[in-house]
Q: 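The structure is given below, and queries will be raised subsequently.
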Amino acid sequence: MLPLHYYLIVSAALFAIGLAGALTRRNAIIALIGIELMLNAANLNFIAFWRYGSRPEALTGVMFVIFSIGVAAAEAAVGLALIIAIYRHYKTTNLDEIDSLKG
Amino acid sequence: MFEAIDQIFVALKHWVVGQFPAAWQPLGSVFLSIIPILAVFPLLFAITTIVERKTLGRIQNRLGPNRVGPFGLLQPVADGLKSLTKEDIVPYAADQVVHFLAPIALIVPVLLAFSVLPVGRNMVPIDLDAGLLFFFAVGAGSELAVFMAGWSSRNKYSLLGAMRAIAQMVSYELPLILSSVTVVMLVGSLSTVKIVEAQGEAYGWLLKWHVFTPWGLAGFLLFMIAAAAESNRTPFDIPEGESEIIAGYLVEYSGFKFALFFLGEYLGLFAVSSLAITLFLGGWHAPFSFLEWIPSYLWFFGKLSAFIMLFIWLRGTLPRLRMDQLMNLAWKFMLPMCLINIVVAAMWHFTAHWQFVGAVLCRWLLCGAAIGVPYLWLGDALFGEKKLAKRTYRFAD
Amino acid sequence: MVTTFVILTIVTLVSAIAAMSLRNLVHCALCLVLTFAGLAAFYLQLNAQFVGFAQILVYVGAVAILIVFAMLLTRNVDSTRQAILSPSWGVGIVGALLVFGAIVLSILCSTMVHRPALSETQVTVLAIGEQLMTNYVLPLEVIALLLTAAMIGAVIIALHEPTSESSAVQNPRLEPSVPSVPNPAQVPRTDHP
């Protein structure tokens with residue numbers, strides 16, 4: 001088996017990539033993808049810690065990831081619905097142009 | 001004797017693997033599991049194309065292909081040669097890379113799906129603990145391939161066809177999974193091998209196939225409707241409806257790539273039919289215990305052929321649905337029926353300890369009513385107002 | 001084992017970078033699918049079979065399809081002309097690098113780097129199911145409620161607003177507003193997104 005920190009570093013790199021994308025891209029959908037990547041990086045951490053933990057038979061990491069996948073699916077659905085609604089209103093998905101609070 | 005014939009392929013594989021040097025044996029075993037899949041199912045595809053064209057020809061009162069070879073039986077060879085030698089046209093505006101990758105992205109998941117289907121006693125490439133989940137997971141990959149094909153062609157018909165296909169596949173994946181959940185509940189395992197084993201016991205001479213129970217019968221019918229929609233077969237073939245959007249996402253494909261799409265579609269049909277057999281029709285088991293001497297793989301492929309003939313028959317008989325009818329059927333009818341069916345399966349399970357005389361009949365009546373009454377009520381509520389009447393034409397008369 | 005890990009790492013990270021940096025939105029989504037598949041392979045490598053398949057089923061089969069649909073429904077009229085990065089992109093990149101550095105530093109300094117993997121535990125689906133129905137039954141119910149609420153919410157948010165002809169009389173508030181900055185480039189293109 002590989003040492004634990006290999007997986008943790010991969011997960012950290014994935015998190016940083018997602019963060020960079022979410023902070024720098026102008027398109028709202030790409031920003032949402034960045035957030036999904038960060039969530040997935042956290043999931044990889046959970047699985048790695050579960051596998052290398054002291055009580056893998058307790059299944060804590062697996063359970064957390066299963067629920068996290070469920071929450072991520074809900075998040076993606078609502079987030080994309082919001083983006084579509086905003087697009088209908090402003091005719092753009094550029095995050096820098098959606099800056100008025102007046103609706 | 002019968003056992004030897006039944007296990008002949010397994011024994012052959014063990015013998016061939018034994019000839020390899022010890023270090024190569026695991027790899028050899030893997031290859032000998034993959035090669036039969038790659039050989040048998042594409043061959044079945046070739047046979048299916050000619051049978052389908054012949055049968056459709058008979059249904060439509062014509063002969064079908066009859067020029068190449070005796071009775072036209074070599075037509076698949078000619079078709080294959082034609083598609084291999086045809087020019088591969090890629091549209092100028094197409095997204096070259098995605099356009100190239102789409103057929104591969106369709107064919108690989110479909111072939112992967114076959115790796116968890118038991119085609120005979122001890123004849124399964126891998127017995128995964130989460131086999132059914134694996135099947136549905138790789139099936140999800142084919143939706144993306146359809147999108148890649150439709151989007152990369154830069155053609156409005158392609159894109160429309162792809163959107164229709166994805167909408168249809170996503171909608172019907174739900175009933176497909178929910179109707180197989182009942183089997184998982186009653187068997188208590190996601191492994192396809194265990195599901196087949198659970199259907200091997202017999203009451204007297206009749207085997208315990210899941211289709212012989214009320215929830216199994218309802219689940220099987222729902223599964224088959226969803227399966228026809230998943231594999232884009234008539235009456236659910238609007239993504240490729242030739243008369244509306246020419247051929248949907250396949251429009252800009254020619255030559256060998258088109259043949260790959262065609263192959264992928266038929267392999268998907270075989271895979272989902274095999275899953276129906278595995279889940280509801282006893283897998284490789286015979287229906288009656290006194291017929292168990294017939295080799296298991298013959299039973300499996302016999303059932304599969306029956307399914308293929310059924311789909312050809314449906315294609316020759318039924319007209320195409322409209323998009324709104326398709327969505328209404330999936331969300332307003334199939335989904336509630338699948339959810340009710342899960343409850344019925346639970347009722348069947350919790351009445352299993354009834355011992356009095358006529359208990360089985362009582363359970364059948366109870367569960368049949370629990371699935372039949374909602375069926376009649378839902379059908380009446382959704383389709384009741386539309387009485388069939390003589391069609392009037394406003395402009396043609 | 002190491003070879004598989006290296007290949008998976010390269011595939012996952014390169015496709016993640018591509019998903020965040022390509023100009024064409026659909027290419028981004030397809031690269032994202034590759035990232036998800038790579039992560040699923042990581043889960044399989046860590047003996048979490050069920051989670052790996054669930055990852056593919058949910059992310060490739062549902063989330064990626066949703067994203068692709070959203071991209072097609074919101075085609076960006078100016079995607080080829082404007083910069084894809086926001087003006088303050090330097091801050092974002094530096095911030096992400098700082099976060100990465102901090103996490104890696106803390107990983108390498110901690111003592112758990114030397115923690116050995118325990119024996120090969122194969123987690124069965126049966127065990128997961130039993131846990132879900134006993135210890136984790138409340139989170140399961142909550143997530144079911146959450147998913148239902150999310151589905152209803154998504155449908156309501158994305159429902160068509162009434163068009164101006166039908167709603168102008170009854171409810172002028174629902175009229176679709178014009179873009180704040182009128183821009184000749186924002187005429188919808190007739191060709192492919």
Side-chain angles (χ1 to χ4, degrees), chain A residues 1-10 12-21 23-27 29-30 33-34 36-37 40 44 47-48 51-52 56-57 59 62-63 65-67 69-74 76-78 80-85 87-93 95-96 100, chain C residues 1 5 9 13 16-17 19-20 25 28 32 39 42-43 46-48 51 54-55 58 62-63 66-67 70-71 73-74 76 84-86 89 92-93 95-96 99-100 103-104 107 112-113 115 117-118 121 123 127-128 131 136 139 143 146-147 150-151 153-154 157-158 161 176-177 179-180 186:
Chain A
M1 284 297 283
L2 293 159
L4 169 61
H5 62 283
Y6 282 28
Y7 292 101
L8 298 189
I9 289 174
V10 169
L14 201 63
F15 185 86
I17 292 168
L19 184 63
L23 288 180
T24 56
R25 290 293 296 257
R26 297 160 70 101
N27 189 298
I29 299 178
I30 301 288
I33 290 180
E36 288 286 334
L37 280 184
N40 269 283
L44 181 58
I47 293 287
R51 184 72 190 81
Y52 287 80
E57 71 280 356
L59 293 175
V62 173
M63 287 302 156
V65 174
I66 289 173
F67 290 125
I69 287 176
V71 172
V78 175
L80 291 169
L82 276 176
I83 290 174
I84 289 174
Y87 175 79
R88 283 223 190 90
H89 206 74
Y90 289 101
K91 300 283 175 269
T92 181
T93 52
L95 287 173
D96 294 335
S100 85
Chain C
M1 196 74 187
F5 179 81
T9 306
L13 292 187
I17 292 172
M20 290 287 95
L25 289 185
C28 290
L32 181 75
L39 276 166
F42 271 124
Y43 296 162
L46 288 166
N47 280 359
V51 179
Q55 161 98 1
V58 173
V63 172
L66 265 183
I67 287 175
M71 281 171 177
L73 289 177
T74 63
N76 238 359
I84 56 171
L85 297 177
S86 62
W89 61 273
I93 299 269
V99 167
F100 178 63
I103 297 177
V104 168
I107 289 169
M112 90 216 152
V113 167
R115 179 187 282 178
L118 295 177
T121 44
V123 45
I128 293 179
Q131 288 282 316
Y136 296 91
I143 204 113
L146 174 75
L147 282 173
M151 192 179 79
I157 292 172
E161 290 177 20
S177 70
S180 50
Q186 283 182 337

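Order of the sequence lines sets the chain letters (A, B, ...), proteins ahead of strands, with each chain counted from 1.
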Q: Is chain C contacted by the side chain of A:Val65, its backbone, both, or neither, given a heavy-atom distance below 4.5 Å?
A: side chain

Q: Would you compute the distance between atom CG of C:Leu25 and atom CD1 of A:Ile29 and round it to the nearest 0.5 angstrom?
A: 6.5 Å

Q: Under a 4.5 Å heavy-atom cut-off, does chain C meet the side chain of A:Ile33, its backbone, both or neither?
A: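 Both the backbone and the side chain of A:Ile33 come within 4.5 Å of chain C.
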
Q: Taking all non-hydrogen atoms of both residues into account, name the closest pair between A:Ala81 and C:Ile157 and its distance.
A: O-CG2, 3.6 Å

Q: Does any heavy atom of chain A fall under 4.5 Å from the side chain of C:Ile103, the backbone, both, or neither of them?
A: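 For C:Ile103, the contact with chain A is made by the side chain alone.
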
Q: Side-chain contact, heavy-atom cut-off 4.5 Å: A:Tyr52 with C:Leu46?
A: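 A side-chain contact exists here, since the closest heavy-atom pair is under 4.5 Å.
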
Q: Is C:Ile143 in contact with chain A via its backbone, its side chain, both, or neither, using a 4.5 Å heavy-atom distance?
A: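 For C:Ile143, side-chain heavy atoms alone lie under 4.5 Å from chain A.
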
Q: Over 60° means perpendicular and under 30° means parallel, so classify the ring planes of A:Phe67 and C:Tyr136, tilted if in between.
A: tilted

Q: Side chain from CB out, backbone as N, CA, C, O: work out which of these in C:Ala127 comes under 4.5 Å of a heavy atom of chain A, or both, or neither.
A: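 Contact with chain A: backbone and side chain both.
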
Q: Is chain C contacted by the side chain of A:Leu82, its backbone, both, or neither, given a heavy-atom distance below 4.5 Å?
A: both

Q: Heavy-atom pairs under 4.5 Å with chain A - which of C:Thr9, C:Val51, C:Val104 has more of them than the others?
A: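 Greatest number of close heavy-atom pairs with chain A: C:Val51.
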
Q: Identify the heavy atoms of A:Ile9 and C:Ile107 that sit nearest to each other, and give their distance.
A: N-CD1, 4.2 Å

Q: With a 4.5 Å cut-off on heavy-atom pairs, point out which of C:Gly153, C:Ala62, C:Pro139 contacts chain A the most.
A: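 Greatest number of close heavy-atom pairs with chain A: C:Pro139.
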
Q: Of the options A:Leu37, A:Leu44, A:Val10, which is the one that meets C:Leu39 in a side-chain contact (heavy atoms from CB on, under 4.5 Å)?
A: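 So, applying the side-chain contact (heavy atoms from CB on, under 4.5 Å) to C:Leu39 and each of A:Leu37, A:Leu44, A:Val10, only A:Leu44 qualifies.
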
Q: C:Leu32 versus chain A, heavy atoms under 4.5 Å apart: side chain, backbone, both or neither?
A: side chain

Q: Measure distances from C:Ile128 to the heavy atoms of chain A and classify the residue's part below 4.5 Å as side chain, backbone, both or neither.
A: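 Both parts, backbone and side chain.
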
Q: Do you know the tightest heavy-atom contact between A:Tyr87 and C:Leu73?
A: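 In this case the closest contact between A:Tyr87 and C:Leu73 is CE2-O, 3.5 Å.
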
Q: Identify which one of A:Ile30, A:Thr24, A:Leu19 satisfies the side-chain contact (heavy atoms from CB on, under 4.5 Å) criterion when paired with C:Met20.
A: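 Exactly one option meets the side-chain contact (heavy atoms from CB on, under 4.5 Å) with C:Met20, and it is A:Ile30.
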
Q: What is the ring orientation for A:Tyr7 with C:Phe5, classed by angle as parallel under 30°, tilted 30 to 60°, or perpendicular over 60°?
A: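 The rings of A:Tyr7 and C:Phe5 stand perpendicular, inter-plane angle above 60°.
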
